[in-house]
Amino acid sequence: MSRFQVFTDDQWARVEPLLPSSDGQRGRPLRNHRQVVEGIAYRYRCGIAWRDLSEQFGPWQTVWKRHRRFAADGIWDRIHQLLLAEVDATGDIDWTVSVDSTINRAHQHGTNLPPLHSGNLRITRNRGLSLLITRGSLPGAG
């Protein structure tokens, strides 16, 4: 097994029938699907740029174009959906979801402050770079 081989033969046997065929199309036949799809998976697994793909997967432009075409045509979504349905039917997937929300940061522009001089809030610039937020007089406050 090569260090560039991403799929086992059993895994590839499940994915290959879901990919489109170039039979009956004019022009040059498509490059080997396994080589290209393993290049796509390898790129995501390693977190490298498309241009840094090994020549083992063919020209990086071919791998990128095939990935982009499959994404635009919805092929990746269909494969994902069918494989999920298959493992769900056999009970090999756990649908427990855990969300950790201990850190929740907002972007600096994501605040809910009203516009300047609006309502009861008055925002004035202090001598430094910080903003000083003061409450104006509230109606009925004594």
- Message: Please determine whether residues V87 and W95 belong to a single hydrophobic cluster, defined as Ile, Leu, Val, Met, Phe, Trp and Tyr linked transitively by side-chain heavy-atom distances below 4.5 Å.
- Response: yes
- Message: For residues V15 and L84: do they belong to one hydrophobic cluster (side chain heavy atoms under 4.5 Å, members Ile, Leu, Val, Met, Phe, Trp, Tyr)?
- Response: no
- Query: Can you tell if the side chain of D73 reaches within under 4.5 Å of the side chain of R69, non-hydrogen atoms only?
  - Reply: yes
- Crowding at CD, Q81 (>12 non-hydrogen neighbours, <6.0 Å): no
- Query: What's the spacing between S54 OG and R43 CZ if we round to 0.5 Å?
  - Reply: 15.0 Å
- Which residues satisfy the side chain to side chain donor-acceptor pair (under 3.5 Å) test with D77, sequence neighbours excluded? none
- Task: Please name the pair of heavy atoms, one in L53 and one in Y42, separated by the smallest distance, quoted to 0.1 Å.
- Result: CD2-CD2, 4.1 Å
Can you list, pair by pair, the side-chain donor-acceptor contacts under 3.5 Å of residues 30-40, counting residues two or more places apart and other chains?
unit_1: R31; atom_1: NH1; unit_2: Q35; atom_2: OE1; d: 3.4
unit_1: N32; atom_1: OD1; unit_2: R34; atom_2: N; d: 3.1
unit_1: H33; atom_1: ND1; unit_2: R66; atom_2: NH1; d: 3.0
unit_1: H33; atom_1: NE2; unit_2: P20; atom_2: O; d: 2.7
unit_1: R34; atom_1: NE; unit_2: E38; atom_2: OE2; d: 3.1
unit_1: R34; atom_1: NH1; unit_2: D9; atom_2: OD1; d: 3.0
unit_1: R34; atom_1: NH2; unit_2: F7; atom_2: O; d: 2.8
unit_1: R34; atom_1: NH2; unit_2: D9; atom_2: OD1; d: 3.3
unit_1: Q35; atom_1: NE2; unit_2: Q56; atom_2: O; d: 2.9
unit_1: E38; atom_1: OE2; unit_2: F7; atom_2: N; d: 3.3

- From I75 CD1 over to L19 CG, what is the distance, rounded to the nearest 0.5 angstrom? 7.5 Å
- Query: Under the side chain to side chain donor-acceptor pair (under 3.5 Å) test, which residues partner R78, sequence neighbours left out?
  - Reply: none
- Query: Between H67 and W76, do the side chains contain an N or O donor and an N or O acceptor separated by less than 3.5 Å?
  - Reply: yes
- Under the 3.5 angstrom rule, does the side chain of Q11 hit a backbone N or O of T8 as a donor-acceptor pair? yes
- Task: May I ask you to check whether over 12 heavy atoms, not counting those of R45, lie within 6.0 Å of atom CZ?
- Result: yes
- Message: Could you tell me if the side chain of I79 sits less than 4.5 Å from the side chain of L83, heavy atoms only?
- Response: yes
- Task: Could you verify whether a donor N or O on one side chain and an acceptor N or O on the other, from W60 and D52, lie under 3.5 Å apart?
- Result: no
